[in-house]
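Naming: A, B, ... by sequence-line order, numbering from 1 per chain. Everything numeric in this text was worked out from a predicted model, so none of it was measured.
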Amino acid sequence: MKFSSSYEPGEFEADIYAAWESSGVFAPSVLTVPVDNDGDGVDDRFEKPEDRDVYSIVMPPPNANGNLHIGHGLTIALEDSLTRYYRLHGKSTWYVPGADHAGFETWVVYEKTLEKEGHTRFEYDRDELYARVWDFVAMQRGNMELQLRALGASCSWKDLTFTLDENVIDRVYTTFEKMWNDGMIYRGEKLVNYCPKHQTAFADIEVEHVDEKGTLWDIAYTYDGGEIIVSTTRPETLFGDVAVAVNPEDKRFKKLVGKTVKLPLADREIPIIADEHADPEYGTGAVKITPAHDFDDFEVGERHNLPRIQVISEDGHMVNVPEEYFGLTPLECRKKVLKDLEAAGLLRGEKEIEHAVAHCYKCGTVIEPMLKEQWFVDVKKLASTAIEHLDAGEIKFYPENKQKVLVNYLKGLKDWNISRQIPWGIAIPMFRKADPGATDEPDWIFDRRTNLKEIEKSGVKYVRDEDTFDTWFSSSHWPIVCTDWSEDNPTPYYPLDVMETGADLLFAWVARMIMMGVYLTGGVPFREVYLHGMVLDAHGKKMSKSKGNVINPMDLVAKYGSDAFRLGIIRGRSAGMNQAFSENSVIAGRNLCNKLWNISRLIQNIIDEESGNSDASSDYTNDNTGEDWICREISKCVKQVESCMEGYRFAEAMDILYSTIWDKYADWFIESQKIYRNVPLLKKSLETLLIVLHPFAPFVTETIWQNLSWTNGMIINAKWPTKLEYDPITAGQFESLMAVVSEVRGTLAGLPGANKGKKYALLYDNDSLVEDNLLLIKSLTKVPAVTALDGAPRGLRLALNNHELYLDVPENVVTEYREALTEKILIVGKELDALNARLMNPSYVERAPAYLVKETRDGVEEKSALIERLKQQLELI
RNA sequence: GGAUUCUUAGCUCAGUUGGCUAGAGCGCACGAUUCACAUUCGUGAGGUCACAGGUUCGAAUCCUGUAGAAUCCACCA
């Protein structure tokens, strides 16, 4: 087999992925695990999750017609590592890939291309637009899926779920119908966040609040014998005022409550009312009430049963206003109103203030609160049931604190506006009676035939609602639709083992999946939630196109390989934390892959040289120095990786693997095997490390596996290793040897002056550890010779270890070394003092655990002995 | 305004219930090198763990406060 001198990922990755995919290994092997709970001979449910041998996880669907960004790269790296890890454990794993129609995002892109062609959405009806966007998406689709493959995602492609798939729409309609029947859906005229540019409403969560400077104007509203001055940032909405509110506790205005005042610039009287909303401390303490254009005022209006007067239309122009203002944009109107107020002597002051202004998260346009009839979901029950399940600890969160944050959010959750005025989405299956006064039939009926503009029921004509669902409404079904769960067809893959996604989606998505899962299935949709933080640029700044600091994951994959990217993106990352990312960590990953490749190359060379040893790995025995030790270290590594994966500590698992492979396996064990060759152990140990690394670096481990002469099948299907056998005493002895080697190296490198780094022979006196490992020590330290001391000790005594060892350096060099030696004595002396001080403290000796006290005592003994040896050496000079 | 989190080496970050002399990668310095790997090997420098108190035999870790940073939520006209 061929191992070139360095690992070239580009030569292998595509073929390896194709081999996995065509072998069918991505699909789950077990479909049902029936259990007969009550023993009546009929299977009535599936195994409890903790007993089952399946593992399920679904992919947060990337935009179907987009490209993957760095965050997707992280998502895939994490989810695929989990999937592969549990597959190696023999579980039937199901990683369901997805593609998102990305309602609003895609719509914005498509609307731009429409504009470029000189058209607007208003020229077409909904079905036409839907068909056009469908084609538009189909044309661009596929990139994302290729990129998932390039990242090594071992997901079950035949189960790919698109958010507009028929079964998704069916499920959403079924849910909507159920909610409708349960009385949880209502049509309400409410103020919604409305983007005048996109002409659609948004959920609260889709709105971005930005602190901005604004002006607060004081305007006089007059009444017989006086005036009341109100403060407002939006004078143009004055025509929609229906009241002036003052705080009931505010003594200044107490007498005025109940009076009416004249609305400036308009011929209308409005009442002065008392409401807590008015803050005596803010502005003048009196506030105008415009229920149709302000969220607070809307609520005040509800409390006081006030009318709602809409003065800004959905396309952003003034309506229901005096003629001279009609048709102006709100901004034009504001200017004119201010001018006219000033002329009328009613403008009493203005002041700069800072306040939060809502913006469209996509185009930045200021959100206009707009009175609209929309479908709402009553969330009270959904949220409270979800909270019950969360409080019962049915979902474990990583990081832990997110559970509290989520419950807090659910407690304050407002009713959910699910109507969107965008054609690209799932149509709302509701129809309105064409002639409101005609019959006793209901005004609205549920019907799935959203492809029809009109339907007839009981002889009454109904017209469809043209709106579509908020994408989060359908997305909240994701665990259910991906696992194909249904009332009559429960599956062992539901609930999911884990939901992995970005921490920024905790509210928008995770919260809704939980509410929906609990509502529809009676149980939580996943057992655990792992939330990753944002991937920031190398300087800890958010990546954005405008800043030009966006890193494209595919560029890194092309440059360093898929595994390098995966290793790099996971490194140094912990749950929920936004963390910086730089190419350096990818380079470190690439280096590890290359290291492993070369380790394998050397081992294969050794095996090729040892004739007749190309059969599958067999039993091994540890015969030589270092072998028990590496078995111990690998066993330790496997165990630690297991515990890390259980706690979703990916970065830590990787660190452990990195140092085991590099600092232990390559630097010590492989080096020692250049002297002693234990072919069965070489095979076994390499296989073990390859398997344990495979979840993180699937391509290189599989490529090596395929290139080795003795391995069978594919590593993706391998069995997770059990511990390697070793003798702990021998394992410990090797550490003494390592310490000796390190001291020789360190001492040589630290020799003074021109002798720095020069190699001198190592002399030993009556030392079996050294005597038994002459060749190994010579090879590891690169000293010219390791020989028994003849005659009196000479040269430089190695004092750190309790061995009688000397470096055979000339007299003058020893003398020059004196200073370094003195310094060392001082340092060790300080350490000894610290230990002694601890022992002098009676509380410590009394109250600290015995093993610690013993360790301290041992330390004192050790350090004293060391100082003794160092002093002897000094005297020798 | 509220919530959550963070502050550890030049940089990016680990440090699981408090326990010896606080770790890693990258970077840096010095040295090595035909014989698996320069994507290499060896050695080393670099930290009053943001600050101030407290609890404890013992604090990077727990508590309180201060300062700074980030994210999310929020109706301040």
For Asn836(A), the side-chain hydrogen bond (donor to acceptor under 3.5 Å, both in side chains) test, sequence neighbours excluded, returns none

Considering all heavy atoms of both residues, which atom of Asp241(A) and which atom of Ile270(A) are nearest to each other, and what is their separation? O-CG2, 3.8 Å

Heavy-atom donor-acceptor pair, Ser582(A) side chain to Ala538(A) backbone, under 3.5 Å: no

Starting at atom CG of Asn598(A), determine the distance to atom P of C35(B), rounded to an integer number of angstrom. 11 Å

Quick check: on RNA chain B, is the nucleotide nearest Ser742(A) upstream (toward 5') of the one nearest Ala834(A), or the reverse? Name the residue that is more 5'. Ala834(A)

With under 30° as parallel and over 60° as perpendicular, where do the rings of Trp597(A) and Phe12(A) fit, or are they tilted in between? tilted

Where do Ile228(A) and Val244(A) come nearest, in terms of heavy atoms and distance? CD1-CG1, 4.2 Å

Give every residue pair that meets the salt bridge (Lys or Arg N to Asp or Glu O under 4.0 Å) criterion with at least one member in residues 562-587 of chain A, sequence neighbours excluded. Asp80(A)-Arg566(A), Lys559(A)-Glu583(A)

Sidechain N-carboxylate O distance under 4.0 Å for Lys190(A), Glu302(A): no

Per atom distances to the Glu652(A) side chain, the nearest of A77(B), G19(B), U16(B) is U16(B)

Are there more than 12 heavy atoms of other residues, nucleotides or ligands under 6.0 Å from atom CD of Glu400(A)? no

Using a cut-off of less than 4.0 Å, is there contact between a side-chain N or O of Lys758(A) and OP1 or OP2 of A32(B)? no

Rounded distance in Å between the C1' positions of C72(B) and C57(B): 42 Å

What pairs with Ala220(A) under side chain to side chain contact (heavy atoms under 4.5 Å, CB included), at least two apart in sequence or on another chain? Glu227(A), Ile229(A), Leu346(A), Arg348(A)

Ser574(A) side-chain N/O to A14(B) phosphate OP1/OP2 under 4.0 Å: yes

Whole-Å distance, Leu657(A) CG to G25(B) C1', equals 15 Å

Phosphate OP1/OP2 of A14(B) contacted by Gln579(A) side-chain N/O (<4.0 Å): yes

Could you tell me how far U64(B) sits from C6(B) if I compare only their P atoms? Round to whole Å. 14 Å

Expressed in angstrom and rounded to an integer, what is the separation of His539(A) atom NE2 from G27(B) atom P? 16 Å

Does anything in residues 239-250 of chain A come within less than 4.0 Å of RNA chain B? Heavy atoms only, and list the residues if so. none

In whole Å, what separates the C1' atom of U61(B) from that of G18(B)? 6 Å

Asn841(A) CG to C57(B) P, in whole Å, measures 9 Å

Suppose you measure atom P in G25(B) against the same atom in U21(B); what distance do you get, rounded to whole Å? 23 Å

Under 3.5 Å, which protein N or O atoms sit close to an N or O of nucleotides 40-42 of chain B? Give each pair with its distance.
from	atom 1	to	atom 2	distance (Å)
U40(B)	O3'	Lys595(A)	NZ	3.2
C41(B)	OP1	Lys595(A)	NZ	2.8
C41(B)	OP1	Trp662(A)	NE1	2.5
G42(B)	OP1	Asp667(A)	OD2	3.3

With no angle test and no hydrogens, is the base of U21(B) tied to the side chain of Lys863(A) by a donor-acceptor pair under 3.5 Å? yes

Let me know the distance between CG of Asp663(A) and C1' of G23(B), rounded to the nearest Å. 12 Å

Is there any ring pair (Phe, Tyr, Trp, His ring centres under 6.0 Å) pair reaching into residues 641-661 of chain A, and which pairs are they, with sequence neighbours excluded? Tyr398(A)-Tyr648(A), Tyr530(A)-Tyr648(A), Tyr530(A)-Phe650(A), Tyr658(A)-Trp662(A)

Give a yes or no on whether a donor-acceptor pair under 3.5 Å exists between the nucleobase atoms of A36(B), that is its base, and the side chain of Glu671(A). yes

Using the test salt bridge (charged side-chain N to carboxylate O under 4.0 Å, His left out), find all partners of Asp275(A) that sit at least two apart in sequence or belong to another chain. Arg303(A)

Find which nucleotide of RNA chain B each of Leu216(A) and Gly750(A) is nearest to by heavy atoms, and output the residue with the more 5' nucleotide. Gly750(A)

Choosing from C13(B), C57(B), U39(B), which nucleotide comes nearest the side chain of Ala848(A)? C57(B)

State which of C57(B), U12(B), U21(B) makes the closest approach to the side chain of Arg847(A). C57(B)

Please round to the nearest 0.5 Å and tell me the distance separating atom OG1 of Thr703(A) and atom CD of Glu8(A). 12.0 Å

Mind calculating the distance between CG (Asn578(A)) and P (U71(B)) to the nearest angstrom? 8 Å

Pick the P atom in U66(B) and in U71(B), then give their distance to the nearest Å. 23 Å

Go through RNA chain B and write down every stem, that is, every run of at least three consecutive Watson-Crick or G-U wobble pairs with distances under 3.5 Å, as range with range. B:1-7 with B:67-73, B:10-13 with B:23-26, B:28-32 with B:40-44, B:50-54 with B:62-66

Applying side chain to side chain contact (heavy atoms under 4.5 Å, CB included) to Asn408(A) and not counting sequence neighbours gives none

Given the C1' atoms of C62(B) and G2(B), what is the spacing between them in whole Å? 25 Å

Show the distances under 3.5 angstrom between N or O atoms of the protein and N or O atoms of nucleotides 1-7 of chain B.
from	atom 1	to	atom 2	distance (Å)
U4(B)	O3'	Asn401(A)	ND2	3.2
U4(B)	O2'	Asn401(A)	ND2	2.7

I'd like to check the side chain to side chain contact (heavy atoms under 4.5 Å, CB included) partners of Asp858(A); sequence neighbours left out, ordered by chain and number. Lys854(A)

Return no unless some side-chain N or O of Tyr282(A) is found under 4.0 Å from OP1 or OP2 of C76(B). no

What interatomic distance, in whole Å, is found between C1' of G44(B) and the corresponding atom of G19(B)? 29 Å

Say you draw a straight line from CD1 of Ile675(A) to CG of Leu776(A); how long is it, rounded to the nearest 0.5 Å? 6.0 Å

Closest listed nucleotide, where the reference is the side chain of Ser843(A) and the choices are C57(B), C73(B), C37(B): C57(B)

Just the rounded figure in Å: distance from C1' of A36(B) to CD1 of Ile599(A). 9 Å

Is the shortest distance from a Lys or Arg side-chain nitrogen in Glu671(A) or Lys674(A) to a carboxylate oxygen in the other one below 4.0 Å? yes

How far, in whole Å, is U48(B) from C35(B) if one measures between their P atoms? 41 Å

Quick check on U21(B): is either OP1 or OP2 less than 4.0 Å from any side-chain nitrogen or oxygen of Arg838(A)? yes

Expressed in angstrom and rounded to an integer, what is the separation of Lys542(A) atom NZ from C72(B) atom C1'? 10 Å

Tell me which nucleotide among U71(B), C75(B), C37(B) gets nearest to the side chain of Ser5(A). C37(B)

Residue pairs involving residues 823-844 of chain A (criterion ring pair (Phe, Tyr, Trp, His ring centres under 6.0 Å); sequence neighbours excluded): none

